[in-house]
Number of protein chains: 2
Amino acid sequence: MTAEPAAPQPRSGKTVRLPRTARRFQLLGAAREVFVAQGYHAAAMDEIAERAGVSKPVLYQHFPGKLELYLALLDEQAHSLVSSVRRALASTTDNHARIARSIAAYFDFVNDPSGAYQLVLESDLRSEPAVRKRVENSFTECVNAIAGVIAADTGIAPGEAELLAVGLVGLAETGARWWLVTGGAVPKERAVASMVELAWRGLAGYPRRNADSAGQEPSPGTADTAVTRHGPVDI
Amino acid sequence: MTAEPAAPQPRSGKTVRLPRTARRFQLLGAAREVFVAQGYHAAAMDEIAERAGVSKPVLYQHFPGKLELYLALLDEQAHSLVSSVRRALASTTDNHARIARSIAAYFDFVNDPSGAYQLVLESDLRSEPAVRKRVENSFTECVNAIAGVIAADTGIAPGEAELLAVGLVGLAETGARWWLVTGGAVPKERAVASMVELAWRGLAGYPRRNADSAGQEPSPGTADTAVTRHGPVDI
DNA sequence: TCTGGATGCCGATCTTGACTTCCACTGGCG
DNA sequence: CGCCAGTGGAAGTCAAGATCGGCATCCAGA
């Protein structure tokens with residue numbers, strides 16, 4: 001999914017000639033590194049070109065400008081996140097597992113070694129309408145996907161389901177980012193399990209349209225058993 | 001809390017002379033408007049000065065530079081948010097009310113007509129370490145405040161409580177911002193109540209150290225009654 | 001193998017926009 | 001009446017996005 005430049009800088013004298021497609025792919029990789037490390041504004045086209053081992057005009061032969069280059073990367077990551085969440089929801093009909101896998105999807109998205117999640121979740125440049133539109137769209141699509149499942153499987157009104165989905169996405173997003181900045185102080189599975197527990201307890205309290213016993217919570221046990229009651233979360 | 005310039009532009013010929021404190025206060029107000037409307041990068045010192053009805057050198061006599069001006073506003077808002085959350089937690093010992101008021105605090109923070117919440121929650125310029133530090137600090141302080149309450153009132157380990165607090169903050173933050181962009185399609189109280197419901201159900205499942213009945217959830221009713229069972233949320 | 005065209009690439013430069021500062025002016029105050 | 005803090009117009013400085021003309025490299029066809 002993420003373009004990896006063959007070598008950071010083939011600085012040995014001259015630049016090798018590359019076919020157009022390959023060069024574009026490499027430029028995207030270099031741009032991703034710089035944008036992630038510096039943010040949009042601090043990133044310089046000079047540095048992107050240098051990182052790719054080419055000169056600036058080459059960059060402008062592949063992309064009309066800095067913004068378009070950024071948007072290409074943003075689209076790439078936004079689609080990646082949305083499709084991950086959709087896959088998580090479609091991978092099972094067990095709603096607890098759906099939540100667990102969706103939250104895990106956020107953690108995995110954030111955990112990508114390239115750090116490209118920042119383009120979607122921590123973008124500067126929300127002042128730019130095109131960027132704002134894409135960020136909000138990806139968020140909304142995730143919300144709608146989750147809200148759809150909630151509304152379909154419970155008697156909750158669509159508007160209410162949407163609100164809950166927003167809360168869940170916020171929980172997953174923030175939890176994932178927090179877990180990342182702590183640098184793995186707690187294992188990922190543990191953090192995911194906590195978020196799932198928090199989320200599921202909330203969802204489980206609502207009545208289910210198909211009245212099976214899963215929606216009915218027994219009185220809570222001890223803290224330890226409560227946290228691990230559903231067992232470890234598998235991807 | 002937010003400085004309101006007496007008039008956007010006292011464009012009547014000459015600028016009135018103001019005592020230093022008042023001038024600074026007015027400059028902060030003008031700067032807040034411009035930074036909120038345009039973001040840090042798109043904002044121009046020219047426009048801030050013009051908005052305040054003074055010339056640029058005056059601006060630089062009160063603030064060393066654009067960054068310091070921005071940081072002053074950022075501090076202002078970050079402290080506002082943190083103290084609101086702290087106040088909400090300290091205003092009662094009823095944990096359900098604590099959650100409700102804390103979440104409401106996020107909604108109120110976001111709902112400020114000045115839109116200054118953007119400085120904390122949607123700042124471009126996270127690439128700047130000073131900014132990142134302040135944003136993360138305010139987040140962490142909110143998390144710690146909530147985690148402290150959780151850990152104190154339950155048997156949950158501090159690390160686990162911190163994770164839950166992160167989830168709650170993310171839920172509140174994202175919910176509030178979502179509610180704002182929808183432009184009041186649903187009433188604020190309704191949105192807050194949904195977030196509270198989602199959050200509380202999760203928290204309520206955990207055992208309470210002081211075993212009073214508030215932590216024990218009865219079996220859920222219908223969707224409508226479930227949402228409003230706790231009654232409307234008062235500030 | 002030779003050749004003409006096309007493609008890829010670069011050094012150097014232009015241009016813009018925004019932060020910052022210099023110097024003269026003005027109006028109140030001792 | 002003279003001082004001076006506050007003020008403004010305008011210029012300085014600089015970083016960074018965008019571009020122009022020319023050189024090098026590769027490939028198809030005779």
Side-chain angles (χ1 to χ4, degrees), chain A residues 5-7 9-28 30-31 33-35 37-73 124-125 127-128 130-131, chain B residues 5-7 9-27 30-31 34-35 37-73 124-125 127-128 130-131:
Chain A
Q9 297 185 50
R11 257 283 155 267
S12 56
K14 284 299 182 182
T15 307
V16 294
R17 270 172 91 107
L18 252 53
R20 195 168 172 78
T21 303
R23 179 64 79 195
R24 181 190 160 95
F25 187 75
Q26 184 214 14
L27 290 175
L28 282 172
E33 291 179 19
V34 176
F35 278 132
Q38 319 241 152
Y40 178 84
H41 296 285
M45 295 294 268
D46 298 88
E47 188 173 347
I48 294 173
E50 187 189 12
R51 176 75 59 113
V54 300
S55 67
K56 254 192 302 183
V58 178
L59 207 46
Y60 283 93
Q61 285 164 358
H62 286 264
F63 302 95
K66 190 183 183 181
L67 178 60
E68 288 76 14
L69 176 55
Y70 187 78
L71 289 180
L73 294 169
D124 45 352
L125 205 64
S127 55
E128 177 63 37
V131 173
Chain B
Q9 296 185 49
R11 259 279 154 267
S12 56
K14 284 300 182 181
T15 307
V16 295
R17 270 170 95 103
L18 252 52
R20 191 168 176 79
T21 304
R23 178 65 78 195
R24 182 189 159 96
F25 186 76
Q26 184 213 15
L27 289 175
V34 176
F35 278 133
Q38 320 243 148
Y40 178 83
H41 296 284
M45 294 294 268
D46 298 88
E47 188 174 346
I48 294 174
E50 188 190 10
R51 177 75 60 114
V54 300
S55 67
K56 265 191 292 182
V58 180
L59 205 47
Y60 282 94
Q61 283 165 0
H62 286 265
F63 302 95
K66 190 183 184 183
L67 177 61
E68 287 76 14
L69 176 55
Y70 186 79
L71 288 179
L73 294 169
D124 44 353
L125 205 64
S127 54
E128 177 64 36
V131 173

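First the proteins, then the strands, lettered A, B, ... as listed; each starts at 1.
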Please report, rounded to the nearest Å, how far the C1' atom of dC10(C) is from the CD atom of Glu50(A).
14 Å
So what does Ala43(A) hit on the nucleic acid, given a heavy-atom distance under 4.0 Å: a base, only sugar-phosphate, or nothing?
sugar-phosphate
Between CZ of Arg51(A) and CG of Leu27(A), what distance do you get to the nearest 0.5 Å?
13.0 Å
In this structure, NE2 of His41(B) is separated from CD of Glu128(A) (nearest 0.5 Å) by 13.0 Å
For Glu47(B) and dG17(C), what is the distance between atoms CD and C1' respectively, to the nearest whole Å?
14 Å
Starting at CD1 of Ile48(B) and ending at P of dG17(C), how long is that distance when rounded to a whole Å?
18 Å
Atom pair CD/CG of Glu68(A) and Leu71(A) - distance to nearest 0.5 Å
6.5 Å
Tyr40(A) and Phe35(A) aromatic ring geometry - parallel, tilted or perpendicular at 30°/60° bounds
parallel
Rounded to the Å, how far apart are His41(A) NE2 and dG17(C) C1'?
14 Å
Treat primed atoms plus P, OP1 and OP2 as sugar-phosphate and everything else as base, then score nucleotides 20-25 of chain C 5' to 3': B for base contact with protein heavy atoms under 4.0 Å, S for sugar-phosphate contact only, - for none.
BBB---
Donor-acceptor under 3.5 Å (Gln38(B) side chain, Ala44(B) main chain)
no
Send over the distance from Arg23(B) CZ to dA5(D) C1', rounded to a whole Å.
13 Å
Return the value, rounded to whole Å, for the distance between atom CG of Leu69(A) and atom P of dG17(D).
11 Å
Separation between CE (Met45(A)) and NZ (Lys66(A)), nearest 0.5 Å, reads 7.5 Å
dG8(C) C1' sits how many Å from Leu27(A) CG, rounded?
12 Å
